[in-house]
Amino acid sequence: MEKMKEKPAISKATTKRLSLYLRCLKELNAKNITRIKSSELANLTQVGSATIRRDFSHFGELGRSGYGYNVKDLITVFSGILDTKEEKKIALIGVGNLGQALLKNNFRRNDNLNIVCAFDNDPNKIGQIIDGFLVHDLSELPEVFVKENIQVAISTVPSRYAQEAIDIVVKNGVTAILNFAPDPLNVPENVNIRYIDLTSELQSLIYFDEMVNPS
Ligand code: NAD
């Protein structure tokens with residue numbers, strides 16, 4: 001299969017679905033399933049097969065009519081798009097319940113995503129080693145960001161303090177931020193911020209489940 005040289009321009013929604021397809025395809029591959037039709041993938045992912053075919057069409061001729069898609073080929077293409085080839089060094093801001101869970105996990109399934117430093121403003125946490133990380137004061141952030149070449153930040157600071165924390169992160173050059181507090185923040189145009197809102201994810205899941213499995 002021809003190797004992709006550049007990442008194609010795809011929408012945020014498609015990128016999200018790619019990650020869902022990839023997870024599903026890896027599960028199929030682990031079960032030694034070698035090919036799949038879009039209708040079967042639609043059943044597994046609950047994404048409509050027309051959407052799947054449209055998403056896949058961004059990446060050239062991936063399938064053959066009547067044959068479906070080769071699972072391993074799709075995994076190669078989608079991993080190439082989603083996986084970062086270089087290590088991304090990530091800073092965690094907010095070493096509370098959620099922050100500590102992330103430090104413990106530290107994206108162990110992906111070698112290129114690594115939280116390398118952690119920050120908090122609680123004097124009881126600053127200077128402590130928590131889950132193997134020295135908790136830095138925010139005043140140390142500029143120096144640590146330069147030393148560690150931080151490119152991405154995750155904030156698990158509660159909503160009401162998130163803006164001040166993100167302002168410092170942005171001021172120190174980070175343009176990719178994952179924020180676990182759902183309230184929208186003000187960031188400059190060049191900064192990409194994503195919100196993980198578990199409540200709305202769960203509500204939408206329950207709504208969908210009640211639609212397809214009415215009681
Ligand atoms: P937490 O109170 O346990 O932790 C928050 C941490 O942020 C604390 O250590 C606090 O000292 C620190 N902090 C506060 N202001 C700061 C600042 N300006 N700079 C740096 N650090 C600062 O809270 P949590 O349970 O980890 O939740 C954090 C956020 O994630 C909340 O917005 C919550 O709604 C959201 N969330 C949490 C969970 C969960 O399972 N805990 C799930 C979904 C969403």
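FYI, the numbering just counts along the sequence from 1.
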Glu148 (side chain) donor-acceptor with Phe145 (main chain) under 3.5 angstrom: no

Trace of the side chain to side chain contact (heavy atoms under 4.5 Å, CB included) decision for Asn121 with Asp137: CA-CA 6 Å; Asn121 69 350; Asp137 186 280; over 6 Å; no

Sub-4.5 Å side-chain heavy-atom contact between Ile154 and Ile177: no

ILVMFWY cluster, Leu98 and Ile93 together (side-chain gap under 4.5 Å): no

Main-chain N/O of Ser11 paired with Thr15 side-chain donor or acceptor, under 3.5 Å: yes

Test of ring centre spacing under 6.0 Å for Phe119 and Phe133: no

Joint cluster assignment, Val152 & Leu141, ILVMFWY side-chain distance < 4.5 Å: no

Spatial distance of atom CG (Leu25) from atom CD (Glu27) [nearest 0.5 Å]: 9.5 Å

Minimum-distance pair of heavy atoms, taken over all atoms of Val169 and Ala153: CG1-CB, 3.6 Å

For the student: nearest non-hydrogen atoms of Gly94 and Thr156, plus distance: O-OG1, 2.5 Å

Ile36 with Ile75, same ILVMFWY side-chain cluster at under 4.5 Å: yes

Donor-acceptor contact present, side-chain Asn172 to main-chain Ile168, <3.5 Å: yes

Distance (rounded to the nearest 0.5 Å) between Leu74 CG and Lys26 NZ: 12.5 Å

Nearest heavy atoms of Ser49 and Ala42, plus distance in Å: N-CB, 3.7 Å

Connected via hydrophobic side-chain network under 4.5 Å: Leu92 and Leu134: no

Sub-4.5 Å side-chain heavy-atom contact between Gln151 and Val174: no

Ile52 to Ser38 - nearest heavy-atom pair and separation: CD1-O, 3.8 Å

Donor-acceptor pair, side chain of Asp197 and main chain of Pro182, under 3.5 angstrom: no

Heavy-atom pair with the smallest gap, counting every atom of Val157 and Ala165: CG2-CB, 4.0 Å

Closest approach of Ile90 to Phe107 (non-hydrogen atoms, all atoms of both residues): CD1-CE1, 4.1 Å

Flag side-chain contact, heavy atom, 4.5 Å: Ile126 against His136: no

Within-4.5 Å side-chain heavy-atom neighbours: Leu205 and Glu201: no

Evaluation steps, side chain to side chain contact (heavy atoms under 4.5 Å, CB included), between Thr34 and Val71: CA-CA 5 Å; Thr34 55; Val71 170; 5.7 Å; no

Spacing of OG1 belonging to Thr14 relative to NZ belonging to Lys16, to within rounding of 0.5 Å: 11.5 Å

Inter-residue atom distance Ser159.OG - Tyr195.OH, 0.5 Å rounding: 9.5 Å

Lys88 vs Asn114 side-chain heavy atoms within contact, under 4.5 Å: no

Audit row: Ile206, Leu202, side chain to side chain contact (heavy atoms under 4.5 Å, CB included) steps and yes/no: CA-CA 6 Å; Ile206 292 167; Leu202 198 55; 4.1 Å; yes

Stepwise side chain to side chain contact (heavy atoms under 4.5 Å, CB included) check, Leu178 with Ser155: CA-CA 6 Å; Leu178 190 64; Ser155 171; over 6 Å; no

Test item: Val47 and Leu20 side chains (from C-beta on) under 4.5 Å apart, heavy atoms: yes

Cys24 and Leu41, any side-chain heavy atoms less than 4.5 Å apart: yes

Polar side chain donor-acceptor pair, Tyr21 to Asp55, under 3.5 angstrom: yes

Atom pair CG (Leu22) and OG1 (Thr45), whose distance is rounded to the nearest 0.5 Å: 12.5 Å

Check: Asp122 side chain, Asn124 main-chain N or O, donor-acceptor pair, under 3.5 Å: yes

Same cluster (ILVMFWY, side-chain, under 4.5 Å), Val95 and Tyr161: no

Check: Lys89 side chain, Ile115 main-chain N or O, donor-acceptor pair, under 3.5 Å: no

Separation of Lys72 NZ from Leu28 CG (nearest 0.5 Å): 12.0 Å

Side chain Gln100, main chain Asp131, donor-acceptor under 3.5 Å: no

